[in-house]
Amino acid sequence: MGHLEALDSDERTIVVAGAGLAGLRTAEGLRRHGWTGKVTIVGDEVHYPYTRPPLSKKLLADGGDHAGVELRRRDSEHPFEWLLGRAVVSSDLRRRVVVLDDGTELRYDGLVAATGVRARRLPPEVGGPATALRTLDDAIALGDRLRPGSRVVVIGAGFIGCEVAATAIARGCEVAMVAVDDVPMQIPLGAVVGAELRRRHAAAGVTFHLGTGVAAIEPGAVVLSDGIRLLADVVVEAIGSEPNTGWLEGNGLDLTNGVVCDQMLRPGGLPGVVAVGDVSRFPNALYDAEPRRIEHWQVAVDTSMYAAKVLLGDLAETPCSEPFGTVPTFWSDQGAVSLRALGQPGLGDEVEVLEGELRGEAAVGYRRGGALVGVVLLGMPKRMGVYLQRLTTELKTALV
């Protein structure tokens, strides 16, 4: 990058708060674009970065350890400094300092917020015991409990809940799913696709209790708000996530559902600081100016590649001027359900089957104000490239 010619990076430090996919890829992006200064990566888990999608699918189904999900780390003549098993607990963006959980202060010239999310949990008064699935250690512990004949109650009908339910069924468990929604994955995919997913999971053996909440979790049972009592050997809470933004408090930022960024992924528009991955809430230039948080693997990668360039431009005082825009893509394998989604289907107010049959393989389009904003593929993996191109073209055309 040409702007690094004006930047003597050897004596300067960039701190990456978060050692997941987004943090790692941002750090690697800094090196790729010429940063030779110090890069310190802080992670609250003891593990080196690993990929999370297999945690609720392959690793949960087949077992495994860190070696099976570890992300490949690209070699560099300028190695990173790793501080694992340490968490960033506070920050002063004006003074350019972050504080770790052991009291250590790290001063920086540039900062990457990549602290991701944690599992949302039910209120303490609901009781327990229950488990969540967010980390590698969570997945290993849960996998040990999914034995043939075990009665599993999954609370929540989003992606993680549906994937866990399908995996538990495949391992011979009896599975009941509880959610306040009317259909599985109602918020991201809508009622039409959600109803079809319910049909498929029910055919595989999942029992649904939808439109109801949880009143209490007792040893051996879950009591629903409608009075039904479900026997349970294993209870899994899969009710969503909460962004890890507490360490950014006190800096005048909007931390409502993630840290709100400008179109360059800068929190509050502050130069020298970027936010990437699940913790970031940002405008997507291909859609509109509304900041949204998108928890997808590919978005973590896309934001990281872009943010590395923005941060280095800020440090070289040659700021980036092109706003961030991406077509999000994600996938979910749920037993016999193979689902791929492109764009932002949750923004659609109209749904239509573009190709195939809903009860078989189908491409489903989501429109907002008549414009295509997302596509969901049930099966049809070879059509993903075709619909990605179509969606990208229509989104860019709408901007002209």
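FYI, side chains are in, hydrogens and waters are out, and symmetry mates aren't considered; it's all heavy atoms of this structure.
- Looking at Glu28 and Arg32, no side-chain N of the basic residue comes within less than 4.0 Å of a carboxylate O on the acidic one, giving no salt bridge.
- Taking a cutoff of 4.0 Å between a charged side-chain nitrogen and a carboxylate oxygen, Arg266 and Asp314 qualify as a salt bridge.
- The side chain to side chain donor-acceptor pair (under 3.5 Å) test with Ser241 singles out one residue from Arg120, Glu295, Arg134, and that residue is Glu295.
- Annotation: ring-ring contact (aromatic ring centres under 6.0 Å, His included) contacts of Phe330 (sequence neighbours excluded): Phe159, His296.
- With respect to the salt-bridge test (charged N to carboxylate O, under 4.0 angstrom), the residues Asp101 and Arg86 qualify.
- No donor-acceptor pair under 3.5 Å is formed between the side chain of Arg73 and the backbone N or O of Tyr48.
- Counting only heavy atoms from C-beta outward, the side chains of Gln298 and Trp331 never approach each other to under 4.5 Å.
- Within a 6.0 Å radius of CD in Glu290, more than 12 heavy atoms belonging to other residues, nucleotides or ligands are found.
- A pairwise comparison of heavy atoms in Ala166 and Gly335 identifies CB-N, 3.4 Å as the closest pair.
- Other residues, nucleotides and ligands contribute over 12 non-hydrogen atoms within 6.0 Å of the CD1 atom of Ile228.
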Check the pair Ser280 / Leu265 against side chain to side chain contact (heavy atoms under 4.5 Å, CB included), numbers first and verdict last. CA-CA 8 Å; Ser280 177; Leu265 303 184; 4.3 Å; yes

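- Side-chain atoms of Arg118 come within 3.5 Å of backbone atoms of Pro243 as a donor-acceptor pair (strictly under, hydrogens ignored).
- A donor-acceptor pair is defined here as one N or O able to donate and one able to accept, closer than 3.5 Å; such a pair exists between the side chain of Asp109 and the backbone of Thr13.
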Which is it for Tyr287 and Gln344 under the side chain to side chain contact (heavy atoms under 4.5 Å, CB included) test, yes or no, and what are the steps along the way? CA-CA 9 Å; Tyr287 283 86; Gln344 297 186 249; 3.3 Å; yes

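- No side-chain donor-acceptor contact under 3.5 Å links Trp82 to the backbone of Leu84.
- The residues Arg52 and Glu45 are annotated as salt-bridged, a charged nitrogen and a carboxylate oxygen being separated by less than 4.0 angstrom.
- Looking only at distances, no side-chain donor or acceptor of Asp144 sits under 3.5 Å from a matching main-chain atom of Ala141.
- Taking 4.0 Å as the cut-off between side-chain N and carboxylate O, Arg229 and Glu218 count as a salt-bridged pair.
- If you check the side chains of Ser150 and Asp233, you find no donor sitting under 3.5 Å from an acceptor.
- The minimum heavy-atom distance linking Leu230 with Ala176 is given by the pair CD1-CB, 4.2 Å.
- The main-chain N or O of Leu122 is found under 3.5 Å from a side-chain atom of Glu237 such that the two form a donor-acceptor pair.
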Does Arg31 form a side chain to side chain contact (heavy atoms under 4.5 Å, CB included) with Phe80? I'd like the steps, not just the answer. CA-CA 10 Å; Arg31 291 289 187 234; Phe80 305 132; 3.6 Å; yes

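- Within 6.0 Å of CD on Glu125 lie more than 12 heavy atoms contributed by other residues, nucleotides or ligands.
- In terms of heavy atoms, Leu372 sits closest to Val375 at CD2-CG2, 4.1 Å.
- The nearest pair of heavy atoms linking Ala165 to Val206 is CB-CG2, 4.3 Å.
- One N or O on the side chain of Thr167 and one on the backbone of Ser56 form a donor-acceptor pair closer than 3.5 Å.
- Within a 6.0 Å radius of CD in Glu322, no more than 12 heavy atoms belonging to other residues, nucleotides or ligands are found.
- No side-chain donor-acceptor contact under 3.5 Å links Asp226 and His209.
- For Asp102 and Thr104, the side-chain atoms include at least one donor-acceptor pair closer than 3.5 Å.
- Ionic pairing of Asp288 and Arg368 is present here: one or more N-O contacts between side-chain nitrogen and carboxylate oxygen are shorter than 4.0 angstrom.
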Please lay out, stage by stage, how Glu174 and Arg151 fare under the test salt bridge (charged side-chain N to carboxylate O under 4.0 Å, His left out). CA-CA 5 Å; Glu174 300 176 11; Arg151 297 164 299 189; 5.7 Å; no

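- Judged by distance alone, with hydrogens and angles left aside, the side-chain atoms of Ser332 form no donor-acceptor pair with the main-chain N or O of Leu339 at under 3.5 Å.
- In summary, the side chains of Ser76 and Arg74 do not present any donor paired with an acceptor at a separation below 3.5 Å, with no hydrogens or angles considered.
- For Glu361, the salt bridge (charged side-chain N to carboxylate O under 4.0 Å, His left out) criterion is met by no residue, not counting sequence neighbours.
- The aromatic rings of His201 and Phe208 stand perpendicular to each other, their planes meeting at an angle above 60°, with 30° marking the opposite boundary.
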